[in-house]
Amino acid sequence: MLKSKTFVKKTRSGGVLKIVREHYLRDDIWCGSEVCKECKDEAPVLQEDACIESNLCSYPHYLIPDTNVVLHQIDILEDPLIRNIIILQTVLQEVRHRSATVYKRIKDAIHDKEKHFYTFTNEHHRETFIEREQGESANDRNDRAIRVAAKWYADHLAKATDNGPLKVVLLTNDRANKEKAEHHGLIVYRCEEYIKSLIGNPELVDRLALTPDDQNEITGSKLLFPEHLPLSRIQTGIKNGMFLQGTFHANRDNYLEGTVFIHREGAVTNEVLLQGFQNLNRAVHQDVVAVELFPKERWVAPSSVVLQDDNPDDEDAEEDETETENKLKSVASESSALKPTGRVVGIIKRNWRPFCGMLSQSQIKEATRHLFTPADRRIPRIRIETRQAATLVGQRIMVAIDGWPKNSRYPNGHFVKNLGTAGDKETETEVLLLEHDVPHQPFSQAVLSFLPKMPWSISEEELKVRADLRHLFVCSVDPPGCTDIDDALHCRELENGNLEVGVHIADVSHFIRPGNALDQEAASRGTTVYLCGKRIDMVPELLSSNLCSLRSNVERLAFSCIWEMNNNAEIIKTHFTKSIINSKASLTYAEAQMRIDDTTMNDDITKSLRGLNKLAKILKGRRIDKGALTLSSPEVRFHIDSETHDPIDLQTKELMETNSMVEEFMLLANISVAQKIYDEFSECALLRKHPSPPPSNYDILIKAAKSRDLEIHTDSAKALADSLNNAAIERFPYFNTLLRILATRCMMQAVYFCSGMDNDFHHYGLASPIYTHFTSPIRRYSDIIVHRLLAVAMNADSTYPDLMDKHKQSALCSNLNYRHKMAQYAQRASVAFHTQLFFKNRGIINEEGFILFVRKNAIIILIPKFGLEGTVFFENKDKPSPHLTFDTEGPTLKVEEHTFHMFDKVKVTISLDASNIQHQRIRMALIEPVIPGVSVPVPESEPEAKKPKLDR
Amino acid sequence: MAGLELLSDQGYRLDGRKAPELRKLQARMSVFAQADGSAYLEQGNTKALAVVYGPHETRGSRSKSLHDRAVINCQYSMATFSTAERKRRPHGDRKSSEMSLHLKQTFEAAVLTELYPRSQIDIYVKILQADGGNYSACVNAATLALVDAGIPMRDYVCACTAGFVEDTALADLCHAEESGGGTSLALALLPRSGNIALLQMDARLHQDHLNALMEAAMTACKGLSKVLDGVVRQHLEEVSVLTSE
């Protein structure tokens, strides 16, 4: 059974190494087909009647795609219609080598039982292994290996079925390969040929990716972009310092500008500015690119112009381009603002994913080529070919990019999926979930199978091992309408005069055991995502809203953190235990506040709340003394109509004493737990840190304060907190909040990390040397891990391998960080969408606001009442623009006679601009101060009259 | 993409073996006439040569000799040409002295030393080509050499490595698998009694996995013992045919 075959490989790692590896050939690798009696496969994958209606192949057949087909046409292969495919090991290895994302997708397809994909290990099969011949390139050998394997299958199946109808079909787009295969008597088709021959599935054709041959037909002959350098030259260039490697980030507001963040540490610059179409050279947001720096005299400052690519058609676009580019360059830039500037010389790795967006139909009615406008403004428009344009107009669709030839203004792509009508609440929610990569499919059966069986009750064993805290007056305080209650509190006086304070957290790790499908799903989701009127749960609802939720008057399992404190809120003893609690009340913040304030109430719960509140104030004071920051961001709440689910009212979130009371104890619990798990597991504790921002981040804040003759010190968190506290202007109470909003934008992101992989633990914002998340295991996976660590530390649970592996832990952290960031973005996008819905129903509104930022051709305004930010442009396409003078030092913008400073109070009208269905946006126009030709007259006080026009 | 896929979804390893399968083992005994016993062994691409002298009177200082049993002296070395990169390997470097010590401990447990008080048995092993599992190849070769020298032992000593990749225990690792990260455990077993002569692992492994890994290594050792037994029997047949004439 074992046939040994030794072969020699050369690899390059510094020098030339001769690597000798054994290669065993086997005769126990089965063909995987149901028809075959000869192979002793226990669970054959490929079906006997592998029928799909096709003009070309009227017989049942299995498909064998070659590497390039898998790489480029993965969208087709993923279609549920395409089944019974043989993936050769050679192909799989090549795919793994060339593209990690496609490899992941093809592996998912292989694991999908419905798809009947079979992996044939041809490289180790005695009859299909071939050796590389003299002078044969690796690619040629692999092509030959694929042909040999296909031939073997053809013969094998013919033998097994006595020349029955079952055949194999090789799919390849390589002409030479096809000819050679035909020569050997194989059935070969090009992928396009085959897909187009399928009867009754025209939509598949749209999902075909365009191959280089086809692209030539589409585009004109004019060369628009410089050629990308080959990878080998890029690599030598990077090695000798000529080029820099980095990730390209397109500018959201200006499609002709982007930044490359350089990966290498210790590089001279870590950001390179790119300006202009030619210099961007077909880089798409998130691509890894190589850039060449310009000499210093060609450096420019980032333009603060807001530019959007909205040319109606592509063919005559080039003239416009040069015009706008010139505008960019005529920047009156001082040397201080100049940034390292460069151009893209080559793409190291594309990071394309399917993009959501809408079709802009071509003017020519019968045309099959259309432009697709992605929802993300940083992604360029994509040209696709489709025959169903008429049905796709007005729909949200998904499109994947295939390539970007140098003679085409837009990248070429193909249609992937239709999501639904644009503007629909469901469709739009789907879009924003997809765009932010939030996993939101319903939980699979495998996941649900790990849920506890209902009716559920606390078992005898649990009663024995857990501390029984059911007699305590525990209560929970949460926002109204909260169903996933993960924390509850209590406070009571002890006999020695000290206070006992307990924070009780839902014991989610009791229900989610490590390693099972439920755990894996939760780990991959990472967090619950809260959208307006919708919640995407991290764990199934049975757990999140019932068994784990610490509702009142039911017995629940909890993880308790209990301190003994003196009246000065100094901790005397800390104790962690798994427990059983019975919450006596679930209150909202307002209810809790009322109980505290109402002097007539003196029941146990109220007393406990008062005790907590008193301690919380002391704790908060101490924390602020240490330099914790109080920051601010405008947050709003929608009142949602219970039937139509449309927002009917909007109010900014109010903060009460009780909010800060709960927060204070959560912080305390988190810090205590962080210390405990770090003491116990110094290598693999999951912690959270908040790095201090680089000083340059504060520039805008300092400038802004200076414009009002105030000074902000940013040397330490403490100094910043103090100067923020002192910064106030009489008769301008909102000023301080505005400053805090600005300060928030200067901050870095807080991140999870594994203690064994880092040595900076400091949490800047909270001014704590160590921090973690422990208190919300229902909605955050990080907390589940922390629970498990803590449980092991106190011998309440056993450890498992992945928990102790710092590399796996670290990989988990990066996923959690990513999910958290994306969840935040999705949340913001959802608020923005609901704001639009709100204003759509309201017509035009006049409101007061403050200038938050000043840009070169626009000002950004914050409306405190709605927590809404909007831009007022001073340049219009159809109108002559007013005279603008921009001063970066202030920063100020002089429009005609009036100068705008930061924080100036202005009056604007707000309306919904629905001219572009995809990017419906809130439009603001200036009313006050009155500038002739710029500001608009105050609209009639009858907004209702205008409503019909705004409604679509 | 970095890294090698050590175990494919179909359950095949880099070189086409399945998880519990051993590499091809070939061995010859009595390869040198001048030594008391010798053997040459190939375990896949790992090739080892073992030579045994003794038991004989203790050489050097007499103080080393033990009054109740024989002293076992082991020396391990690697040929300069044994790895992909040619490298001079001086005697007595840390790695080889550690290996020598391990071999000594292994054979002290297996050889019936108490039969030869005040004497010494020398075992010299050299790795001619290294491709993972050097220790186990040495032990297996030395066992054959000891058998060839006619030194009584409790049982064959069979050694094998096992590794742990993607929650599966792999038997008899090759060099790529050993260096591709993950844990590697070396185990020397007296297969008939099931006693462990030596167990060595110097990477981190969660306790839950240890039993599975040891189980895999022990099964592999038992498989090896059958092959070694076959080699010995065949050698005896050849020798007896020669001597009977």
Side-chain angles (χ1 to χ4, degrees), chain A residues 1-11 13-26 28-30 32 45 87 89 92-93 95-101 103-104 107 110-111 118-121 123-126 129 514-515 683-684 798-808, chain B residues 1-18 21-26 42-47 81-87 129-133 164-167 172-183 203-210 212-213 223 227:
Chain A
M1 179 163 114
L2 291 175
K3 295 225 159 197
S4 114
K5 182 131 203 162
T6 319
F7 72 118
V8 180
K9 258 192 191 170
K10 276 183 193 167
T11 62
S13 57
V16 180
L17 265 184
K18 184 169 160 194
I19 287 181
V20 185
R21 272 203 208 128
E22 281 184 296
H23 195 90
Y24 290 91
L25 301 183
R26 324 179 56 110
D28 64 344
I29 296 174
W30 317 126
V45 179
I87 304 285
Q89 187 196 10
L92 205 59
Q93 276 172 350
V95 169
R96 181 169 186 267
H97 208 68
R98 301 256 294 270
S99 161
T101 42
Y103 180 66
K104 168 96 182 27
K107 285 250 280 203
I110 292 169
H111 288 305
Y118 179 70
T119 321
F120 182 61
T121 315
E123 296 285 353
H124 290 289
H125 192 282
R126 187 155 61 154
F129 172 76
E683 279 293 289
C684 56
S798 58
T799 137
Y800 61 98
D802 288 0
L803 192 66
M804 297 294 133
D805 185 330
K806 65 177 177 182
H807 298 283
K808 288 205 174 135
Chain B
M1 233 172 103
L4 294 160
E5 191 181 38
L6 294 179
L7 188 69
S8 75
D9 285 344
Q10 290 70 47
Y12 295 109
R13 291 154 67 174
L14 280 176
D15 50 11
R17 285 183 287 157
K18 289 196 172 167
E21 287 173 356
L22 302 173
R23 290 180 287 181
K24 188 177 172 75
L25 189 127
Q26 283 172 310
E42 287 181 15
Q43 218 169 329
N45 276 334
T46 304
K47 299 177 182 172
F81 48 81
S82 62
T83 50
E85 219 174 334
R86 192 183 157 85
K87 206 183 196 175
Q129 188 174 312
D131 186 26
F164 205 75
V165 170
E166 284 170 37
D167 294 336
D172 199 7
L173 304 181
C174 69
H175 177 69
E177 288 167 334
E178 261 183 359
S179 54
T183 340
R204 287 176 79 141
L205 180 79
H206 196 271
Q207 188 178 326
D208 293 3
H209 297 320
L210 186 63
L213 193 56
V227 184

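None of these values were measured; they are calculated from a predicted model.
With rounding to the nearest 0.5 Å, the separation of CZ in Arg21(A) from CG in Asp131(B) is 9.0 Å. A distance of 5.5 Å separates CZ of Arg26(A) from OH of Tyr12(B), quoted to the nearest 0.5 Å. The CD atom of Glu22(A) sits 6.0 Å away from the CG atom of Asp15(B) when rounded to the nearest 0.5 Å. Rounded to the nearest 0.5 Å, atoms NZ (Lys18(B)) and CG (Asp28(A)) are 5.0 Å apart. For the atom pair OG (Ser8(B)) and NE2 (His124(A)), the distance works out to 7.5 Å, reported to the nearest 0.5 Å.
Applying the 6.0 Å contact sphere to NE2 of His125(A) captures more than 12 heavy atoms from other residues, nucleotides or ligands.
Scored by the side chain to side chain contact (heavy atoms under 4.5 Å, CB included) test, Gln207(B) finds no partners at all (sequence neighbours excluded). Under the rule for a salt bridge (Lys or Arg N to Asp or Glu O under 4.0 Å), Glu42(B) has no partner lying at least two apart in sequence or in another chain.
Side chain to side chain, Gln10(B) and Thr119(A) meet the donor-acceptor criterion of an N or O pair below 3.5 Å.
For chain A, the nearby part of Asp9(B) is the side chain; its heavy atoms alone come within less than 4.5 Å. Proximity to chain B is absent for every atom of Ser798(A), based on heavy atoms less than 4.5 angstrom apart. For His111(A), the part sitting under 4.5 Å from any heavy atom of chain B is the side chain, from C-beta outward, and nothing else. Using a 4.5 Å cut-off between heavy atoms, Leu803(A) does not touch chain B at all.
Of all heavy-atom pairs spanning Tyr24(A) and Lys24(B), the tightest one is OH-N, 3.0 Å.
Between the side chain of Tyr800(A) and the main chain of Asp208(B), no donor-acceptor pair closer than 3.5 Å is present.
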